[in-house]
Amino acid sequence: TLLALGRKEEALVAWRQALRAPFDPAFTDLAIAARVAALEALGRPRERLETFDLALQRQPRKVSYWVDKALSHDELGQLEQAVSALDRAVELEERNASARYHRAALHAELGHRQAALLDLELAVGVAPGVRALAKQDPRFASLNLDASFQALLPQSAKGATGASDEEIF
């Protein structure tokens with residue numbers, strides 16, 4: 001592929017053209033994933049965000065695109081927009097652990113304690129493995145001394161049982 005040959009800019013042009021082709025959900029997912037990988041390698045978060053906007057025009061009910069759009073907003077420091085994208089992901093799939101976890105982290109960063117704790121509790125209910133992530137995630141620093149937050153965390157250094165990080169995110 002062009003990306004494997006180090007021809008990142010050409011790969012982006014090819015993927016942009018592929019995304020304009022007639023709609024095929026499987027192909028679109030592959031094209032999106034490849035384009036996002038190239039944009040990450042190039043350090044271009046704004047274009048990555050634009051890619052998810054385009055993908056959502058084609059598949060507005062695809063939860064993973066909403067989550068990835070939120071993560072792009074977060075990387076750009078656009079926390080409120082990130083929360084809005086995660087709100088949409090949760091509307092579409094209430095028990096999505098990734099959306100709940102990331103929304104909890106953003107709420108914690110924004111000082112929304114109750115919302116952060118509620119989303120984290122729901123994420124833990126779906127995927128107990130997020131407990132270990134939350135314990136180490138600096139976005140939850142404002143909650144470190146909170147008794148409700150501590151009650152959600154694993155008690156030992158071994159971490160929680162349940163779904164692996166790869167299964168969640």
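Every heavy atom of this structure was used, including side-chain atoms; hydrogens, water molecules and symmetry mates were not. Index from 1, following the sequence.
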Say whether, by atom type as modelled, one donor and one acceptor occur between the side chain of Arg131 and the main chain of Leu152 under 3.5 angstrom.
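Answer holds: yes.
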For Pro60, does its backbone N or O pair with a side-chain atom of Trp66 as donor and acceptor, under 3.5 Å?
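It does hold such a pair.
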Verify whether one side chain among Tyr65 and Asp53 offers a donor that lies under 3.5 Å from an acceptor in the other.
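No, no side-chain donor-acceptor contact under 3.5 Å.
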Same apolar cluster: [X] and [Y], side chain cutoff 4.5 Å:
X	Y	answer
Leu143	Leu118	no
Val130	Val90	no
Val83	Leu122	no
Leu42	Leu49	no

Indicate the atoms forming the closest heavy-atom contact of [X] with [Y], along with that distance.
X	Y	answer
Val126	Arg95	CG1-O, 3.3 Å
Leu153	Lys135	CD2-N, 3.8 Å
Ala108	Phe140	CB-CD2, 3.8 Å
Ala97	Ala127	CB-CB, 3.7 Å

Does CD belonging to Glu40 count more than 12 external heavy atoms closer than 6.0 Å?
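Yes, because the 6.0 Å sphere around CD of Glu40 holds more than 12 heavy atoms from other groups.
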Minimum side-chain heavy-atom gap [X]-[Y] below 4.5 Å:
X	Y	value
His107	Gln114	no
Val63	Arg88	no
Leu106	Leu86	yes
Arg100	Glu94	yes
Glu109	Asp74	yes

So Asp68 and Val36, side chain to side chain contact (heavy atoms under 4.5 Å, CB included) or not? Walk me through it.
CA-CA 10 Å; Asp68 289 334; Val36 166; over 6 Å; no
Among Arg46, Arg44, Arg48, which one satisfies salt bridge (Lys or Arg N to Asp or Glu O under 4.0 Å) with Glu75?
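Single pass found, and it is Arg48.
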Run the side-chain hydrogen bond (donor to acceptor under 3.5 Å, both in side chains) check on Gln78 and His73 step by step: do they pass?
CA-CA 5 Å; Gln78 302 167 345; His73 276 300; 2.5 Å; yes
